[in-house]
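Remarks on the structure that follows.
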Amino acid sequence: MLEGLNEAQREAALHEDGPLLVVAGAGTGKTTTLAHRVAQLIGRGVPPERILLLTFARRAAAELLRRVDGLLGRAALDRPASSRVWGGTFHSVATRLLRQHGERIGLHPGFTIHDRGDSEDLLEVLRAELELGRGKRRFPRKATCLDIYSRCVNARAPLDGVLARAFPWCSEQVDGLKLLFRTFVDRKAEQRVLDYDDLLLFFHALLGTESAGAAVRAQFDHVLVDEYQDTNALQAELLDRLCPGGRGLTVVGDDAQAIYGFRAATVRNILDFSARHPGARTVVLAENYRSTPELLLATNRVIAQARERHPKDLWSRKPSGERPELVTCADETEQTEYVLARILERREQGMDLRRQAVLFRASHHSLHLEVELGRRGIPFHKYGGLRFVETAHVRDLLAFLRLAENPRDLLAGTRVLGLLPGVGPRTARTLLEPVQRAGSFASWEDGARVPSPARAHWTALVALCRELAAPTPPTLPVQLHRIRAFYAPLCEERYDHVPARLRDLEQLEQLAAGFADRGAFLGELTLEPPRSTQDLAGPPSLDEDHLVLSTIHSAKGLEFDAVHVIHAADGNIPSDLTTGSPEEIDEELRLFYVALSRAKRHLSVTFPLRWFDRPAGTGGRYAFAQLTRFLPPEVASAFELRTAFPETARPALPAEDAFLLPEVRGALRALWN
DNA sequence: GTAGAACAGTTTTTT
DNA sequence: ACTGTTCTAC
């Protein structure tokens, strides 16, 4: 079974029960190695259901287990490993185990889960209630408040230190924040609601109790963690409790690809693993099976600029190919034209669009390109950026489901009631108080005091809630259908682009058909929302070829024959929005490295010299960009230097760009189509 | 208390 | 340019 593995991979696959760190450089066969290790464990007699596989995305776990099934061959036919191994993200596994054992730490098993937007909304409500920020000094915005809170929880760090280190401009508001966070915690408990941070925190707490902790530990013999470089301090402590002394613990990752520091992930976890687990075996995978030597020369040089890392130069036996190119473009239009020309040229040569990708730092960096793709009718899927489930109408619809699932969820209730004309936060709260006390909608049946503009809708709403919250509710698609019938007219009152929004809701109804029950549906949408609009249409259709557009973050773990990294200008990579600390700059460097190392054969890095910048106050202006600082001359020499269209000496500020903004807006609207 | 209008501040990556 | 917040007229 082990043929085809190199020595290091084999060592990792055959390792027994002690703590194991696999440092797996980009493209070094990490998934293959993990799959072999799982298959070895099963072959050695470990029951699949006693293996826990923690990955960054559920899809990664599924892909890995599919390969395990393949390795096990006939032995797996009857009961495939893929259906028995515990797999998923930390958050989804936490959810399952908390539903199973949470009552032992006083957690109600019917809890619902708040996503980021919900948590922000709750913080906003509480801030208003507590009258914070009434004074002269501005109080941090809700998103910042949540970032601060979240960092405290995930980094296991007290508020004062977090403020001083990461949010110094908020330090003055420390008392207000303390009050806000105390109330936030209490309020979530009353509502039987957990947010992302709570899932980890309570999982950690569960493992810390004597009997429940032992029960969970006894469920698993082996825990394997993928993308370990992107775990945070809380997750590391959680693993300590799950695998005392590191027994049965395997972690796999690459410190050179740590890109989630903004989410409190710390590269220290992987750098310090051996110190934390005395006797740990470290295996380094350095033979690259992905990229040509020319590309590796370039990517090795880029990452060599990092300050601290597990040093490893990747090498490859692949045949020689073309050098990567570094292309200077006069402006964004040229960049788009150049990238498109190259992509179409390769398609002519037989490389499908799906084998090619365009990567960028921020979601909006691809708008210009999207417009052009749309105009030429070239199909593409975009990953990253604003998601379907974050749009207002989808959140409205889901609020009905959440309220039915958990009538104590005040946020869902406020959102639903707020849809009625004449009902604002105040009225909603009054109406929801008895519901929260009783856990049912009985108080609405007989003469609740409803403002007159809302009366016309009231009877229908009460009937709807009663039906959805009944002991045996209709099937999920029927539930969604009923909600849509009630919601459609209200939606028309409130929003633009109603037909597109209603179509989204129909799609949601179809998506719901695949789920056993409401709780599973809501959990899935919260923990693993569809990553591109095309994902909603079901499994990716194999018939239509499409180009991949992706943020660098969302491209983690993927590979493509040809990769174009666009907007590689200082200010974008590294982003101007970082505070400029050496740690943050290093993370941006790793991000750039992740982008470059996705490529198998062709790599181009482009940047526009002049682009339309929109600083505050001004109506926008052209700014002059410089090449990213991550490609100084000694690194850039690994690239073929080119100018996109040397023959077109463009006049300054071409007027044709004036037509672009309306088109970009059009593209934005198309996001809802 | 709600809803619409006027104003002000800020802009990334995501479980 | 857009979002979020505050102000003001119902």
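Chain letters run A, B, ... following the sequence lines, proteins first and then strands; every chain starts at 1. Keep in mind it's a predicted model, so treat the numbers as computed, not measured.
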Touch class at under 4.0 angstrom, heavy-atom based, for Pro453(A) against every strand present: nothing

Nucleotide dT12(B), atom C1' - distance to OH of Tyr383(A) in whole Å: 21 Å

Under-4.0 Å salt bridge between Arg127(A) and Glu124(A): no

Glu124(A), nearest nucleotide to its side chain (from dT5(C), dT15(B), dT13(B)): dT5(C)

Whichever of Gly422(A) and Arg141(A) has its nearest DNA chain B nucleotide further upstream toward 5': Gly422(A)

Between dT15(B) (C1') and Asp197(A) (CG): distance, integer Å: 9 Å

Nearest-angstrom distance from the residue atom NZ of Lys382(A) to P of dT12(B): 12 Å

Ring geometry between Tyr149(A) and Phe184(A) (parallel below 30°, tilted from 30 to 60°, perpendicular above 60°): perpendicular

Integer-rounded Å distance: dT12(B) C1' and Leu359(A) CG: 16 Å

Rounded distance (Å) that lies between atom P of dT13(B) and atom CG of Asp230(A): 16 Å

Interatomic distance where CG belongs to Asp121(A) and P belongs to dT3(C) [whole Å]: 15 Å

5' priority, DNA chain B, between Gly424(A) and Ser575(A) [closest heavy atom]: Gly424(A)

Touch class at under 4.0 angstrom, heavy-atom based, for Arg263(A) against every strand present: base

Ser554(A) side chain near dT14(B) phosphate (N/O to OP1/OP2, under 4.0 Å): yes

Touch class at under 4.0 angstrom, heavy-atom based, for Pro421(A) against every strand present: sugar-phosphate

Under 3.5 Å donor-acceptor, Lys30(A) side chain and Asp226(A) backbone: no

Asn154(A) side chain vs Ala264(A) backbone, donor-acceptor pair below 3.5 Å: no

CA sep, side-chain torsions, deciding dist, call: Ser119(A), Lys188(A), side-chain hydrogen bond (donor to acceptor under 3.5 Å, both in side chains): CA-CA 9 Å; Ser119(A) 296; Lys188(A) 284 187 291 182; over 6 Å; no

Pairwise P distance, dT5(C) and dT12(B) [rounded to whole Å]: 15 Å

Whether Phe262(A) stacks on the six-membered ring of dT13(B) base, 5.5 Å and 30° limits: yes

N/O (side chain, Thr427(A)) to phosphate O (OP1/OP2, dT2(B)) under 4.0 Å: yes

Separation of atom NE2 in His553(A) from atom P in dT15(B), rounded to whole Å: 11 Å

Protein-nucleotide distance (Glu390(A), atom CD; dT3(C), atom P), rounded to Å: 13 Å

Touch class at under 4.0 angstrom, heavy-atom based, for Tyr260(A) against every strand present: sugar-phosphate

Lys142(A), nearest nucleotide to its side chain (from dT12(B), dG4(C), dT15(B)): dG4(C)

Geometric class of the Trp444(A)/Trp458(A) ring pair [parallel <30°, tilted 30-60°, perpendicular >60°]: tilted

Side-chain N or O of Thr551(A) closer than 4.0 Å to phosphate OP1/OP2 of dT14(B): yes

